[in-house]
Amino acid sequence: MIIWIIGLSGSGKTTVGKLLFKKIKKRKTNTVFLDGDNLRVVWGNKLGHRISDRKENALRIYSLCKLLDEQKINVVCCILSIFPSIQKKARKNFRKYYQFHLSAPIDELKKRDTKKIYKKYFKNKLKNVVGLDIPFPKPYKSDLTIDSFGKNTPKEILKKIYSKIN
């Protein structure tokens, strides 16, 4: 089972993904947690954030998930995922694939901004920010799109996702 939690920076992907991983891991010990930011570090941080670099990173993540899927290892993967073509490929080629899109307005994301991405962008110190100068296309066939703000706390989102995969 491959679970992709996708959304813009600050949407809660990693927070929700870690909660989901802990819950699944109790029942299925052959489960791993992957995060897009961590994978960039694992692969040496040689890729930038231009579209071509993002595509290369997305293909690497897809390939890693495919390798794990073939070995019947469950994956909770938290990634931006701005390429519907790769999402479509994942849906077609993984044994059991779930995709959850966490959505929040830019104003909410700017408040969270733990990585200071939005702050730097609006001070003209950063380019290639998805959702601002790089479009975030509508995801391909998400199993759920969940607003990740307001009453939808990470625990509430976890309940919705867990209910969908069971």
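Hydrogens, waters and symmetry mates are skipped; everything else that's a heavy atom, side chains included, is used.
Under a hydrophobic clustering in which Ile, Leu, Val, Met, Phe, Trp and Tyr are joined whenever their side-chain heavy atoms come within less than 4.5 Å, directly or via other members, Leu132 and Leu126 fall into the same cluster. Under the 4.5 Å side-chain heavy-atom criterion for ILVMFWY residues, no single connected hydrophobic cluster contains both Val16 and Ile61. Tracing side-chain contacts under 4.5 Å through hydrophobic residues (I, L, V, M, F, W, Y), one reaches Ile86 starting from Leu64; they form part of the same cluster. Linking Ile, Leu, Val, Met, Phe, Trp and Tyr residues whenever their side-chain heavy atoms come within less than 4.5 Å leaves Ile79 and Leu19 in two separate clusters. Using a 4.5 Å cut-off between side-chain heavy atoms of Ile, Leu, Val, Met, Phe, Trp and Tyr, with links allowed through other members, Ile6 and Val76 fall into different hydrophobic clusters.
The distance from atom CD of Gln99 to atom OG of Ser81, rounded to the nearest 0.5 Å, is 6.0 Å. To the nearest 0.5 Å, atoms NZ (Lys123) and NZ (Lys116) are separated by 10.0 Å.
Side-chain atoms of Ser63 come within 3.5 Å of backbone N or O of Leu59 as a donor-acceptor pair. No donor-acceptor pair closer than 3.5 Å links the side chain of Ser163 to the backbone N or O of Lys160. Under the 3.5 Å distance criterion, the side-chain polar atoms of Lys25 are matched with a main-chain donor or acceptor of Thr31. In this structure, Asn74 contributes its side chain and Val32 its backbone to no donor-acceptor pair below 3.5 Å.
Relative to the ring axis of Tyr62, Lys89 places its NZ or CZ within 45° and under 6.0 Å from the centre. A cation-pi arrangement is absent between Lys127 and Tyr121 under the rule of less than 6.0 angstrom and at most 45 degrees off the ring axis.
Taking a cutoff of 4.0 Å between a charged side-chain nitrogen and a carboxylate oxygen, Lys66 and Glu70 qualify as a salt bridge. Checked for salt-bridge contact, Arg95 and Asp69 meet the test: a charged N lies under 4.0 Å from a carboxylate O. Comment: Arg50 engages Asp53 in a salt bridge, judged by a side-chain N to carboxylate O separation of less than 4.0 angstrom.
Tested against Trp4 for a ring pair (Phe, Tyr, Trp, His ring centres under 6.0 Å), the candidates Phe100, Tyr97, Tyr140, Tyr98 yield a single pass: Tyr97.
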Worksheet item: Given the rule in the side chain to side chain donor-acceptor pair (under 3.5 Å) test, do Asn152 and Asp147 qualify, once you have shown the distances and angles that lead to the verdict?
Response: CA-CA 7 Å; Asn152 278 335; Asp147 289 336; 5.4 Å; no

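Asn166 and Arg27 form a side-chain donor-acceptor contact under 3.5 Å, judged by distance and modelled atom types alone.
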